Structure formats: C-alpha cells, structure tokens
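Lettering of chains follows the sequences in order, A, B, ..., and the numbering in each one begins at 1. Just so it is clear, the model here is predicted, and its values are computed rather than measured.
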Amino acid sequence: MSGISRRKFLTCTLVGAGATALSLKTTDAFASAKLEGYPDSMGVLVDLGRCVGCRSCEAACNREQHLPAPAQSFDDPSVFDQTFHNGQKRRTDEQAYTVVNRYEPTATDQPVYRKSQCNHCNEPACLTSCFVNAYTKTSEGAVIYNPNICVGCRNCMIACPFNMPAYSYSSATNPVIKKCIFCYDTRLKNGLPPACVEICPQQVMTFGHRKELIEIAHERIKARPDRYIDHLYGENEVGGTSWMYLAPAPFEEVGFDTTMNNEPIISNVKDFLGTVPMVLAIWPALFTGFHLLATRKHDIEQHGDDHSAHKEEEKKS
Amino acid sequence: MKTHLATHGKVVDSHKRSADGAPWSLQEKLLLGMTPQQYIVQAVRNPFNWILALIFAIGLPLIAGRFFFGLNWVTHSSNDYPWGLFLGFGLFAMVPLSASGFMLGTTVEIFGRHDFKPIERLALLNGLLGYLFAVIYLLVDLGQPWRLPYPMVVSFGPAAVLFLVAWHVATYLSVQVAEVSSSFFEWIGWPAAKKFIREITIGLTVSGIILSTLHQGALGALFTYAPGKVHPLWYSASFQWLFFFVSAIPAGLCMVIAVSTIARKTMAWRCDDEFKNNLDKLTISLAKGASMGLVTYFTIKTIGIAHDNEWGYLATGWGAWYMVEMAFGVLLPIAVFAWAIRNKNASLARVGAFITVAGIVLNRLNTALITFNWRLYQEIPHWREVIISLTIFAIYIVTYRFILYRLPILYEWKEEKVLVPETVNEPVRIHEPYQGSPEPVASYRTSE
C-alpha cells in the first residue's frame with residue numbers, strides 16, 4: 001500500500017508543481033491590475049456642448065488610418081437619422097474607428113452630438129481579457145494591439161464596457177480586431193494629437209496630459225455650472241479612461257452608460273482568478289486523500305481493491 | 001445493423017472469431033466483421049443515415065464556405081454579439097454536458113465504486129467527444145483558427161480567463177484521450193499500452209478533476225468580464241464560476257443517462273449483458289447524484305440573487321424568463337427525479353435526464369446569447385450559422401456512433417485467458433514464450 005500511495009503522492013506533487021507555475025503567473029497579473037494609469041499618460045477632453053456634428057473628425061480618422069471610403073460621404077447629415085436593430089445608433093466597425101451620433105436630450109433645445117471611439121482605459125478590459133496578450137497600454141496612454149497575433153476569439157469585444165472593438169468579419173484570410181489606436185503609430189508616439197482632435201473646427205477636443213485635463217474640466221464646470229452637468233465622464237468610470245467627456249445634458253440621454261462601476265472590469269474577474277491557484281494547490285491532495293480514505297477500507301476488509309492488491313504482493317515478494 | 005445481425009450473426013468482441021478461429025483483421029474490425037458490400041448494404045438500409053446524409057449535403061458546403069468567404073458569410077458579423085451560436089451552443093453548452101468523464105472517473109477510480117464500471121467508459125467517451133467537438137465549434141468560430149496554438153507557444157496572456165480555458169481544455173483533452181485509449185488498446189490489441197494507462201489512472205483522474213473544476217468554472221468566469229451586458233439575474237461576479245461548475249455536474253451525469261438510453265435503444269446488439277442488466281440500477285444512482293447537484297445549483301443560484309440583491313428583477317419580463325428557466329430546467333427535473341428515485345423508475349429518471357440536459361443548454365444559451373446585451377437588442381442567429389451548428393452536431397453523432405459500434409465501451413472485450421506466472425522472483429521465466437515451455441512450478445493467475 002505504501003508503495004502505491006507514494007507514487008500517487010508523487011504524481012500529485014508533479015501536478016501541484018505545474019499548478020504553482022501557472023498560479024505564479026496569475027498572481028503577477030493580479031498585481032499589475034492595480035495600476036492606476038501611467039503618470040504622464042496623455043488624454044483627450046471632449047466637450048460635447050461644443051460639437052456641431054460636422055463629422056470632419058470621422059473623415060480625418062478615415063484618412064489617417066487608410067480606411068475604405070464610406071457608403072455615404074462624411075458631409076451627409078442623413079446618417080444621423082439611421083437606426084439599426086430596434087433604435088440602435090451607428091457604432092464603430094471595421095471601416096470606422098470613430099462615429100458621431102446625434103441625440104435630442106430633453107434638457108437642451110439644441111441636439112447634442114457625441115463622438116465615440118476607443119476611450120483608452122487606464123486598465124483596459126480588452127487587454128486583461130486577451131489570451132495572447134495582443135493589447136498594450138502604452139506609457140502615452142494609448143491602448144494599441146498587435147494584429148499579427150490576434151487569434152480572433154473576440155473576447156475583448158465581450159469585455160469592452162464601451163463596445164468599441166470591432167472585428168473585420170469580411171476578411172476570410174486575415175480577420176483581426178479593429179479599433180481606434182489614438183493614432184499611436186503616426187502621431188501620439190511623436191507627441192502629436194490624434195488626427196480627429198487636430199482637424200476639429202470647433203475645438204471640441206483638448207489634447208493634453210490626462211491629469212491636467214481633469215483640472216481643466218473641473219474648472220470649466222465650476223466657471224459655467226449652467227452649461228455643464230457636474231460630472232466628468234471617464235475620470236473614474238471603469239478605473240478611469242484617457243478620453244473624458246463633459247456634457248450639457250445628462251450623460252444617459254446622450255448615449256453614455258451611466259450604470260458603470262468605478263472599479264476596472266478586471267476586478268469582477270478577480271474572485272475567480274484568485275481561486276485558480278487554490279484549486280490547483282488543494283485539489284490534488286484532497287482527491288488523492290479521498291481515494292486513499294475510500295479504497296483503503298476495502299484493502300483492510302477484503303484485501304480486494306484491484307489497484308493495490310497485486311502491487312502489494314509484488315512488493316512483498 | 002439489427003437486420004444484418006439477424007441474418008449473419010457474430011459481432012466483433014474479441015481478437016478471434018471464435019475460441020480457436022482465425023483473428024479478425026483490422027479491416028474486419030473496422031467493418032464490424034462484415035464484408036465491404038455487407039457494410040454498405042446495412043448502412044444504406046438505415047433511415048437515420050439518410051437524414052444525416054441530407055444534413056451533410058447542405059451543411060458541409062456551408063462549413064467550407066465559412067472558410068472561403070469568411071465569417072460574415074455565415075453569421076450576422078455582429079460587433080455587439082461577438083459570440084453567436086457556435087460558442088453559445090457549441091462551447092458553452094457542450095462542455096458542461098461533457099463533465100461526465102471526470103464525474104464517473106472520480107466515482108470509480110477515486111472513490112473505488114467499481115459497481116459504476118459498466119458505464120464508466122461511456123462517461124469517459126462522452127467527455128472526450130464533447131470536448132473535442134467544443135473545440136471544433138471553436139475552430140469554426142475563431143477568426144483565424146490556424147492561430148489556435150498561439151496562446152500556447154507564441155504569446156501568453158496569463159491574466160485572461162480564456163488563457164486558462166485554452167490551456168485547461170487542451171490539457172484535459174489529452175488526459176481524456178489517455179483515459180479512453182485503454183479501450184482502443186484492447187480493441188487494437190496492445191496490452192502493454194493499456195497496462196501503462198492503467199498504472200497512471202489515478203494521476204489522470206485527479207488531474208481530470210482539477211482541470212474540470214477550473215475550466216468548467218472558467219467558462220462562467222468569462223462572462224464576469226461583461227457585467228453590463230449579461231442580465232444581472234444571469235450574472236454574478238462572485239459566483240459565476242460556481243454556477244457553471246455546479247450545474248455542469250448534473251449536466252454531465254444526465255448526458256450519460258441520455259446517451260446510454262439512446263445507445264440501449266438504438267444499438268442493443270452492441271451492449272453486453274453486464275451493461276444491459278446494470279443500466280436501470282445505474283441510471284437511478286446517477287439520477288440521485290444529478291438531483292443533489294440540481295438542488296445545490298438551485299440553492300446557490302438563489303443565494304446569488306440575494307447576494308447581489310436582484311429580487312426586483314424577478315418582477316420584470318426578464319425575471320419571468322429566468323423563472324421559466326429555473327422551473328423547467330431545474331425544479332421540474334428535481335421533482336421528476338424525486339418521483340423516479342422513490343419508485344425506482346428508471347424510465348422516469350431518463351425523462352428527468354433529458355429535461356436537465358435541455359435545461360442546461362437553455363441556461364448557457366441564455367447567458368451567452370439570449371439575455372446578453374439585454375439593454376441593446378436581441379440577436380437572432382443567421383440561418384447558415386444554425387445549419388452549420390446542426391451539421392457539426394451531426395458529425396458529433398456520427399463519430400460517437402462510429403466509436404460505440406467498435407471500441408469496447410458498451411461491452412467488455414473478451415481477452416484470451418493467458419496464463420502468466422504469478423511470482424516474479426524467477427525473472428528468466430517471464431521472458432520465455434508461454435507455449436512450449438516446460439510447465440512452471442509456480443502458481444498462476446489470470447492476466448488482465
């Protein structure tokens with residue numbers, strides 16, 4: 001009996017060792033998930049009250065990212081009347097990394113236009129959900145990704161609380177995730193603002209250090225409390241985002257999800273991630289123990305358990 | 001097959017035709033002891049094969065089309081519903097239904113309940129095939145399936161739940177191949193390989209439990225990334241993985257009952273008396289396990305609602321749908337099982353098992369597809385997506401049947417009783433051929 005149980009014990013120890021290897025990685029990732037964004041992260045402050053819906057930002061993005069020409073030209077305002085699936089407004093897709101939508105909130109006489117694109121979270125859900133680690137949060141604040149290793153599981157699209165990543169479903173041979181990368185390769189890396197910010201005739205968007213943008217935003221709210229809702233969307237939502245918004249009307253009326261937690265998305269997953277190393281470490285001994293407890297009784301009573309009976313004789317002889 | 005047996009007799013269940021006859025050739029083993037002509041005749045005679053042929057005739061070109069024209073040819077290419085039927089059904093529902101392998105492995109090997117042996121191999125095979133086809137569904141769904149090994153070799157994202165799923169499903173698939181391989185080794189006639197598997201059984205079983213606990217749970221944890229998208233009644237940051245893990249237990253057990261029922265009905269010729277005579281008793285035992293699992297599942301789901309204080313949602317339309325799921329998929333089978341166990345009614349327990357299987361599939365579809373994006377709109381899968389899902393399921397059935405017809409899963413392989421020396425203190429004798437050598441003096445036992 002002792003012989004067989006020793007071998008079982010060794011098997012389990014090996015499993016445990018493998019487990020430890022995996023679990024160490026998991027805990028590392030844990031630690032990094034507490035990150036509160038890079039100190040010199042750049043950002044963009046979007047003041048929705050200034051936007052007139054000219055869509056020149058969409059056009060600039062299209063040019064900068066070499067996206068295909070749209071079905072309707074960028075100066076056609078009829079796109080604002082388009083709805084999909086039960087009243088859904090336009091969203092980002094593989095051909096448009098940013099879109100502007102029109103809203104008619106009750107609080108203002110004027111329509112409010114809202115530009116949407118990747119918000120470049122401090123702790124991106126897409127990044128933490130990616131099993132090939134294709135995403136990177138750069139020190140400049142951009143969330144970029146490596147299309148050369150994207151497997152196409154689309155878990156990041158599930159995870160993104162803003163529904164921003166899109167997928168190039170139309171490609172049969174090389175479909176990958178498509179989303180705004182803050183013009184990282186062509187501009188941000190060199191300290192330049194993204195194309196959409198630069199082209200805006202209304203100066204809706206302010207490019208700068210995220211920390212300073214937060215101050216500017218709160219000053220604007222303080223200076224014109226009648227013009228702004230007293231909230232900077234993106235300052236704290238899902239752990240904070242690089243793109244932040246000021247609005248003249250309640251955020252939920254202009255296309256924002258206001259039910260979001262201030263905790264990053266990954267904190268919802270931590271409960272499970274924490275159990276992984278524990279299961280890996282405890283289960284081997286627990287179930288081998290059950291096995292010994294359940295079958296040893298047979299050995300004692302009738303000497304009949306067929307895993308150990310003849311092994312035991314081999315050992316004796 | 002039945003008709004063929006009635007006229008020709010003799011199924012392959014040992015290496016030799018009869019006690020002293022010639023051995024079956026591999027081709028004969030593959031063709032179930034028939035000539036190619038006989039085999040084709042019986043296959044064409046079976047009306048079920050015609051249904052399968054029809055499904056394949058439509059479905060296989062669609063699967064090919066998916067790879068030639070891309071995902072947008074077969075799905076709605078939704079950026080809001082990145083996961084459709086392939087994962088919603090193929091991955092999230094097939095995997096819990098395959099929990100049978102580790103459940104019965106644990107029962108027989110860990111707890112030493114050898115009375116469950118007649119159904120253990122079926123449970124292991126059910127586990128293996130379920131996982132294999134979950135991976136096949138995944139391969140159809142992945143944008144670039146040829147990059148599937150990337151999380152193993154190219155780039156690691158160890159903080160991602162999917163990373164865990166990928167590694168654990170891959171490892172567990174190998175464990176299950178090893179577990180099922182002993183029946184293959186019996187069939188093909190490699191006793192040494194079978195003996196090796198036998199020796200590592202406990203290790204395999206324990207790793208099976210670990211990997212199953214984690215990835216069954218991990219499939220649930222995948223949805224904890226989407227707190228605003230999955231409806232709160234189907235979402236729990238703290239317990240999602242437990243909901244998926246615990247519900248996988250009755251799911252796996254009931255799938256074994258369901259499959260054994262179908263096998264007993266449609267391939268009785270392949271089941272040996274050991275299997276047939278024990279099936280009713282085992283069905284009741286499995287039903288007991290399943291009902292305990294279901295009661296526990298119902299309890300923790302209720303705790304989940306209390307924990308997040310979601311009682312208010314029960315009064316909404318989604319709440320009604322939630323209660324339908326729980327009533328049909330959980331409470332109804334609990335009641336059916338209770339009645340069946342009390343009256344030792346195996347047929348009724350089988351009804352309960354089929355309901356449970358449907359209930360679990362409904363739960364996974366609800367989480368992944370139906371209540372997902374409950375604040376946006378309802379995605380109805382593309383018709384090509386539905387047909388491809390059905391076709392892969394048909395391939396699953398064909399593979400399942402192919403293996404059950406051949407390998408000793410539902411019957412015991414009749415080994416020739418080779419006599420080997422019991423004692424090992426005379427090593428020279430072991431290497432001698434048994435025939436023609438002088439009568440050894442030692443005592444004998446029957447080899448495995």
S.K.: Given the options A/Asn155, A/Asn146, A/Val279, A/Asp93, which has more heavy-atom pairs under 4.5 Å with chain B than any of the others?
M.R.: A/Asn155

S.K.: Side chain, backbone, both or neither: which part of A/Cys130 has an atom under 4.5 Å from a heavy atom of chain B?
M.R.: backbone

S.K.: What class does the angle between the rings of A/Phe272 and B/Trp241 fall in, given that below 30° is parallel, 30 to 60° is tilted and above 60° is perpendicular?
M.R.: tilted

S.K.: Kindly indicate whether the side chain of B/Asn79, heavy atoms from C-beta on, has any atom under 4.5 Å from the side chain of A/Tyr169.
M.R.: yes

S.K.: Do B/Asn72 and A/Ser170 meet the criterion of a side-chain donor-acceptor pair at a distance under 3.5 Å?
M.R.: no

S.K.: What part of B/Leu148 gets within 4.5 angstrom of chain A, counting heavy atoms only: side chain, backbone, both, or neither?
M.R.: backbone

S.K.: Heavy-atom distances under 4.5 Å only: say whether B/Pro151 touches chain A with side chain, backbone, both or neither.
M.R.: both

S.K.: Counting only non-hydrogen atoms closer than 4.5 Å, does A/Asn174 touch chain B with its backbone (N, CA, C, O), its side chain (CB onward), both, or neither?
M.R.: both

S.K.: Evaluate the side-chain hydrogen bond (donor to acceptor under 3.5 Å, both in side chains) criterion for residues A/Asn133 and B/Ser155: first the C-alpha distance (whole Å), next the side-chain angles of each, then the deciding distance (0.1 Å), finally the verdict.
M.R.: CA-CA 6 Å; A/Asn133 211 10; B/Ser155 180; 5.3 Å; no

S.K.: Would you mind checking which part of A/Ser168 comes under 4.5 Å of any heavy atom in chain B, side chain (CB onward), backbone (N, CA, C, O), both or neither?
M.R.: neither

S.K.: Given that the side chain runs from C-beta out, which part of B/Trp146 has a heavy atom under 4.5 Å from chain A: side chain, backbone, both or neither?
M.R.: side chain

S.K.: Using non-hydrogen atoms and a 4.5 Å limit, figure out which bit of A/Ser267 sits close to chain B: side chain, backbone, both or neither.
M.R.: neither

